[in-house]
Amino acid sequence: MPLTGEYAPSTAGWARKQVELYESSGGTEGTTLRGMPVIVLTSVGSKSGKLRKTALMRVEHDGAYAVVASLGGAPKHPVWYFNLLKHPHVELQDGPEKHDYLAREVTGSEKAQWWERAVAAYPPYADYQKKTDREIPVFVLKRM
Ligand SMILES: C[C@H](OP(=O)(O)OC[C@@H](O)[C@@H](O)[C@@H](O)Cn1c2nc(=O)[nH]c(=O)c-2cc2ccc(O)cc21)C(=O)N[C@@H](CCC(=O)N[C@@H](CCC(=O)O)C(=O)O)C(=O)O
């Protein structure tokens, strides 16, 4: 059951533009960052209840995805992190395919396994984690 609600564009201009190009091209343009694949996550705002769309690096394994709340190694979580905690039903667009997923924050050995996959997909994640004391959260998304 797709998410419904009013779309509220991100205040991060460069990321918003990438999302809008990705979606308007049906997932054929704006699908990479530095040559590495990107997905678009739609979440429900934890305070506004509006639809928020976030470009993130693509980390996939056997049909499940991980999304990494790295924010470039900033000291604070990106705010979409709080959206997924409150509203785990999200949509993920990977190229032309868009489906519903349930997001769950992972810890321990499960997180370590997905962190390895994330760094393999986008090596800068390892540098971001070195840059901050904040433990960068990872959610695993399973198809609904
Ligand atoms: C700038 C801010 O966005 P954010 O949710 O903090 O997310 C910051 C970034 O993670 C986001 O811009 C990502 O798209 C950046 N980014 C990546 N960010 C990552 O963290 N990880 C990635 O792998 C990643 C890859 C990536 C690839 C391409 C690209 O263009 C951008 C990429 C934002 O949009 N804030 C809104 C509010 C957004 C929101 O969700 N509000 C909630 C309230 C949230 C709260 O305050 O608790 C609501 O509506 O209720 C605002 O200021 O109005």
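First listed ligand is number 1; within each ligand, the first listed atom is number 1. Values reported hereafter were calculated over all heavy atoms of this structure, with side chains retained and with hydrogens, waters and symmetry mates removed.
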> What is the distance from atom CD of Glu135 to atom NE2 of His77, rounded to the nearest 0.5 Å?
Replying inline: 9.0 Å

> When rounded to the nearest 0.5 angstrom, what distance separates CG in Leu3 from NZ in Lys53?
Replying inline: 8.5 Å

>> Does Glu105 have more than 12 heavy atoms from other residues, nucleotides or ligands lying within 6.0 Å of its CD?
In response: yes

> Non-hydrogen atoms of Ala8 versus ligand 1: any pair closer than 4.0 Å?
Replying inline: no

> For atom 11 (C) of ligand 1, what's the nearest protein heavy atom and its distance?
Replying inline: Thr54 CG2, 3.8 Å

> For ligand 1, is there an atom lying under 4.0 Å from some heavy atom of Arg52?
Replying inline: yes

> Do the rings of Tyr125 and Tyr128 sit parallel, tilted or perpendicular, given the 30° and 60° boundaries?
Replying inline: perpendicular

> Is any NZ, NE, NH1 or NH2 atom of the basic residue among Arg58 and Asp94 found under 4.0 Å from an Asp or Glu carboxylate oxygen of the other?
Replying inline: yes

>> Test your reading of the structure: does Asn83 have an N or O sitting under 3.5 Å from an N or O of ligand 1?
In response: yes

> To the nearest 0.1 Å, how far is atom 12 (O) of ligand 1 from its closest protein heavy atom, and which atom is that?
Replying inline: Ala15 CB, 3.5 Å

>> With clusters defined by side-chain heavy atoms of hydrophobic residues (ILVMFWY) lying less than 4.5 Å apart, directly or transitively, does Val19 cluster with Leu41?
In response: no

>> So, regarding Lys50 and ligand 1 (criterion: nitrogen or oxygen to nitrogen or oxygen, under 3.5 Å), is there a contact or not?
In response: no

>> I want to know if ligand 1 touches Val79 in the polar sense, i.e. an N/O pair below 3.5 angstrom.
In response: yes

>> Out of Ile136, Leu71, Leu33, who is nearest to atom 8 (C) of ligand 1 when you count heavy atoms only?
In response: Leu71

> Looking at Ser48, which atoms of ligand 1 are within less than 4.0 Å of one of its heavy atoms?
Replying inline: 48 (C), 49 (O), 50 (O)

> Could Lys98 and Glu23 be called an ion pair, given the rule that one side-chain N must be under 4.0 Å from one carboxylate O?
Replying inline: yes

>> Quick check for you: to the nearest 0.5 Å, what is the distance between His87 atom NE2 and Leu51 atom CG?
In response: 10.5 Å

> How many angstroms lie between OG1 in Thr31 and CE in Met36, if you round to the nearest 0.5 Å?
Replying inline: 13.0 Å

> Who passes ring-ring contact (aromatic ring centres under 6.0 Å, His included) against Tyr101, sequence neighbours left out?
Replying inline: Tyr65

>> Tell me the nearest of Trp80, Tyr122, Tyr81, Tyr128 to atom 10 (O) of ligand 1, using heavy-atom distances.
In response: Trp80

> Quick one: CG on Leu71 to OG1 on Thr132, what's the gap to the nearest 0.5 Å?
Replying inline: 9.5 Å

>> Run the side-chain hydrogen bond (donor to acceptor under 3.5 Å, both in side chains) test against Ser70 and tell me which residues pass, sequence neighbours left out.
In response: none

>> At less than 4.0 angstrom from any non-hydrogen atom of Gly45, what atoms of ligand 1 do you find?
In response: 48 (C), 49 (O), 50 (O)

>> Could you measure the distance from the CD atom of Gln129 to the CD1 atom of Ile136? Nearest 0.5 Å is fine.
In response: 4.0 Å

> What protein heavy atom sits nearest atom 22 (C) of ligand 1, and how far off is it?
Replying inline: Leu56 CD2, 3.5 Å

>> Would Ala69 count as being in polar contact with ligand 1, using the rule that some N or O on each side must be under 3.5 angstrom apart?
In response: no

> Which ligand 1 atoms, with their elements, are less than 4.0 angstrom from a heavy-atom of Tyr125?
Replying inline: 22 (C), 23 (O)

>> Among all protein heavy atoms in this structure, tell me which lies nearest to atom 35 (N) of ligand 1, with the distance rounded to 0.1 Å.
In response: Thr11 OG1, 3.5 Å

> Atoms of ligand 1 less than 4.0 Å from Gln18 heavy atoms?
Replying inline: 28 (C), 29 (C), 30 (O)

> Out of Ala55, Pro9, Gly49, whose heavy atom sits nearest atom 14 (O) of ligand 1?
Replying inline: Ala55

>> Under a 4.0 angstrom heavy-atom cut-off, which atoms of ligand 1 come close to Val68?
In response: 19 (C), 20 (O), 21 (N), 22 (C), 23 (O)

>> For atom 43 (C) of ligand 1, what is the closest protein heavy atom, and at what distance to 0.1 Å?
In response: Ser46 OG, 3.7 Å

> Which residue and non-hydrogen atom of the protein lie closest to atom 34 (O) of ligand 1, and at what distance in Å?
Replying inline: Ser10 OG, 2.9 Å

>> Could you work out, for atom 27 (C) of ligand 1, the closest of His77, Lys47, Met36, Met57 by heavy-atom distance?
In response: Met57

